[in-house]
Novice: 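Below is one structure. I have some questions about it.
When reading the values below, keep in mind they use all heavy atoms of this one structure, side chains included, and skip hydrogens, waters and symmetry mates.
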Amino acid sequence: MAEAPLTGVGWTAAPEAAPAGWTVITVTVEGAAANLGKGFGHRSGGYLCVSTGGAPAPPEPVVTDVQVLSDRSPQPVGYTRAPEFPEPRTGVSRKKRLYVKLVPVEAAETAVFNLQLSAKSKAIPHYMKIGEMGNFAIWCKKGPVLKRSLQPVPKPRTISTGLKQLSLQSSDSEQKAAPARCSIKRASQHGALHDDANIYGLSAMDGIPFALHPKFESKLRFGSNAILTDLNVKSLADIEREYNYAFVVERTAAARLPPGVC
């Protein structure tokens, strides 16, 4: 599982005082107790604690930087003071203060993924030293923030007015009235195109999806019966008689005989 960036860094008076979801750093990399001493307003000293929001990237802001400054240094711009658990008493002085920079995960490129404590003389590979507190050096590990990949949402297509006029699909109001008109037209066409001479019992319109373009609907809306009566519908026998072709020329050329002999 990918390591998650930190979403908080704070102090705790004791390991059991840390809130749920926070991890207390109780030992150093050498295995020694990581109690930072009694300079934090608590008799037993204090411990560093961190929180994470889950892998690979939490939805809440992430820690992008941590600074350890003296009590005389001004608070850096964009940083907040690390919280303490329980709340410290008022008037308690701190020789060193811990400041945290929180950035929304969508805007963060790098973040702090871990904190470690060690002796002042020891260096931790792949970690950056951010300061010293008590008898320890504080180190942080930074890395790139892995963003949650979102499924691309297709943008709705916008159809121009010109394309809508060319579309065969009419509006909802026209679609409700269209079936009645089409049924009347198809009934008349079906009766005219069916003929006893058609041996298959099929018309020229069978199996063909047919819809008149809305552009021409207005022209046939009035007086459409008069227009349809002018149509000359021919049967298959009429077409064969009118366009009968006996292949006389081809047969003559093949036989090399005069036309009168055939």
Novice: Going by atom types only, do Tyr99 and Gln75 share a side-chain donor-acceptor pair under 3.5 Å?
Specialist: no

Novice: Any donor-acceptor pair under 3.5 Å linking the side-chain atoms of Asn114 with those of Tyr127?
Specialist: yes

Novice: Just wondering, do Val112 and Lys142 contact through their side chains at under 4.5 Å, heavy atoms?
Specialist: yes

Novice: Step by step, work out the side-chain contact (heavy atoms from CB on, under 4.5 Å) result for Tyr79 and Asp65.
Specialist: CA-CA 9 Å; Tyr79 288 73; Asp65 194 28; 2.5 Å; yes

Novice: Quick check against the 3.5 Å criterion: does Gln116 have a side-chain atom that pairs as donor or acceptor with the backbone of Ile124?
Specialist: no

Novice: Quick one: does Lys120's side chain have a donor or acceptor within less than 3.5 Å of a partner on Gly134's backbone?
Specialist: yes

Novice: Would you mind reporting whether Leu115 and Leu6 have side-chain heavy atoms less than 4.5 Å apart?
Specialist: yes

Novice: Any heavy-atom pair between the side chains of Val145 and Val105 that's under 4.5 Å?
Specialist: yes

Novice: Let me confirm one number: the CG-OG1 distance from Leu98 to Thr80, rounded to the nearest 0.5 Å.
Specialist: 9.5 Å

Novice: Side-chain contact test, heavy atoms from C-beta onward, threshold under 4.5 Å: evaluate it for Leu36 versus Leu117 and give yes or no.
Specialist: yes

Novice: If we ignore angles and hydrogens, is there a donor and acceptor under 3.5 Å between the side chains of Trp139 and Ser118?
Specialist: yes

Novice: Between the side chains of Glu132 and Lys96, is the shortest nitrogen-to-carboxylate-oxygen separation below 4.0 Å, so that they form an ion pair?
Specialist: no

Novice: Spell out, as yes or no, whether a donor-acceptor pair under 3.5 Å connects the side chain of Thr7 to the backbone of Ser51.
Specialist: yes

Novice: Using the salt bridge (Lys or Arg N to Asp or Glu O under 4.0 Å) criterion, which residues pair with Arg241? Sequence neighbours excluded.
Specialist: Asp238

Novice: Indicate yes or no: at least one non-hydrogen side-chain atom of Tyr47 is less than 4.5 angstrom from one of Ile25.
Specialist: no

Novice: Just jot down the salt bridge (Lys or Arg N to Asp or Glu O under 4.0 Å) partners of Lys122, sequence neighbours excluded, or say none.
Specialist: none

Novice: Step by step, would you call Leu48 with Trp11 a side-chain contact (heavy atoms from CB on, under 4.5 Å)?
Specialist: CA-CA 5 Å; Leu48 279 178; Trp11 299 109; 3.5 Å; yes

Novice: Measuring from atom CD of Gln67 to atom NZ of Lys101, what distance do you get when rounded to the nearest 0.5 angstrom?
Specialist: 9.0 Å

Novice: Taking C-beta and beyond as the side chain, do Val62 and Leu102 meet within less than 4.5 Å on heavy atoms?
Specialist: no

Novice: If you count every heavy atom of other residues, nucleotides or ligands that lies below 6.0 Å from Lys141 atom NZ, does the total exceed 12?
Specialist: no

